[in-house]
Amino acid sequence: MGRVDLHGNTVHEGWKKFRRATQEAYLNSAKTIVVIVGHGEMAKEFDRWCEADPYVRETRRLDRNSGAWRVMIKKKQNGRSN
């Protein structure tokens, strides 16, 4: 399982790193990654990022007071990039 810590990034930088991480996880047939967004502006955007991401199957908050999420990745389709 991969871990992506987005602390210290702007919202746009965080989004780009998140998208790269989900795509890499998908291409490497990873089942989950942990994404740390904290409690700031990125946390407010995170649900929309996941809804729009073609590689995300579902998300679960690690702890209700935590700024970290477990992101379940869709199963890789043979012969297709998504």
Side-chain angles (χ1 to χ4, degrees):
M1 169 175 39
R3 182 179 173 104
V4 182
D5 189 344
L6 301 177
H7 282 110
N9 291 279
T10 67
V11 172
H12 186 69
E13 290 169 340
W15 173 78
K16 289 192 305 186
K17 287 182 180 181
F18 170 75
R19 288 288 291 120
R20 256 191 316 271
T22 60
Q23 183 178 31
E24 272 184 39
Y26 176 82
L27 293 174
N28 291 319
S29 299
K31 293 182 180 183
T32 64
I33 59 174
V34 171
V35 180
I36 303 163
V37 295
H39 296 282
E41 290 301 311
M42 265 189 272
K44 295 175 188 173
E45 298 288 327
F46 191 69
D47 282 336
R48 283 181 285 235
W49 293 0
C50 293
E51 288 171 10
D53 191 300
Y55 305 111
V56 173
R57 183 171 49 88
E58 84 180 82
T59 60
R60 292 188 192 142
R61 197 169 210 148
L62 287 182
D63 177 291
R64 73 184 184 114
N65 295 320
S66 169
W69 295 83
R70 182 174 318 284
V71 177
M72 278 63 79
I73 304 298
K74 290 180 179 176
K75 186 175 181 179
K76 185 175 177 184
Q77 301 297 310
N78 292 333
R80 293 179 51 196
S81 62
N82 77 359

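Nothing here was measured: the structure is a model prediction, and the numbers come from that model. For reference, positions follow the sequence shown, starting with 1.
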Whether K74 side chain and P54 backbone form a donor-acceptor pair below 3.5 Å: yes
Spatial distance of atom OG1 (T32) from atom CZ (R3) [nearest 0.5 Å]: 12.0 Å
Scanning both residues in full, the closest heavy-atom pair of F18 with C50 reads CZ-SG, 3.8 Å
What's the separation between atom CE in M42 and atom CG in N9, rounded to the nearest 0.5 Å? 5.5 Å
To the nearest 0.5 angstrom, please state how far the NZ atom of K17 sits from the OG1 atom of T10. 9.0 Å
For the backbone of W49 and the side chain of D53, can you confirm whether one donor and one acceptor N or O come within less than 3.5 Å of each other? no
Quick one: CD1 on I73 to CZ on R57, what's the gap to the nearest 0.5 Å? 9.0 Å
Which pair of heavy atoms, one from S29 and one from K76, lies closest together, and at what distance? OG-CD, 3.8 Å
S66 to A68 - nearest heavy-atom pair and separation: OG-N, 2.9 Å
Heavy-atom pair with the smallest gap, counting every atom of R19 and Y55: NH1-CD1, 3.7 Å
How many angstroms lie between CD in E45 and CD in E41, if you round to the nearest 0.5 Å? 7.5 Å
Straight-line distance of R70 CZ to D63 CG, nearest 0.5 Å: 12.0 Å
Do V11 and W69 share a hydrophobic cluster, counting only Ile, Leu, Val, Met, Phe, Trp and Tyr and linking them when any side-chain heavy atoms are less than 4.5 Å apart? yes
For the residue pair L6 and G14, what are the closest heavy atoms and their distance? CD1-O, 3.7 Å
Smallest separation among heavy atoms of A21 and V4, with atom names: CB-CG2, 3.5 Å
Tested for side chain to side chain contact (heavy atoms under 4.5 Å, CB included) against V34, the lone hit among V71, D5, L62 is L62
So, are E51 and R48 salt-bridged, with charged N and O less than 4.0 Å apart? no
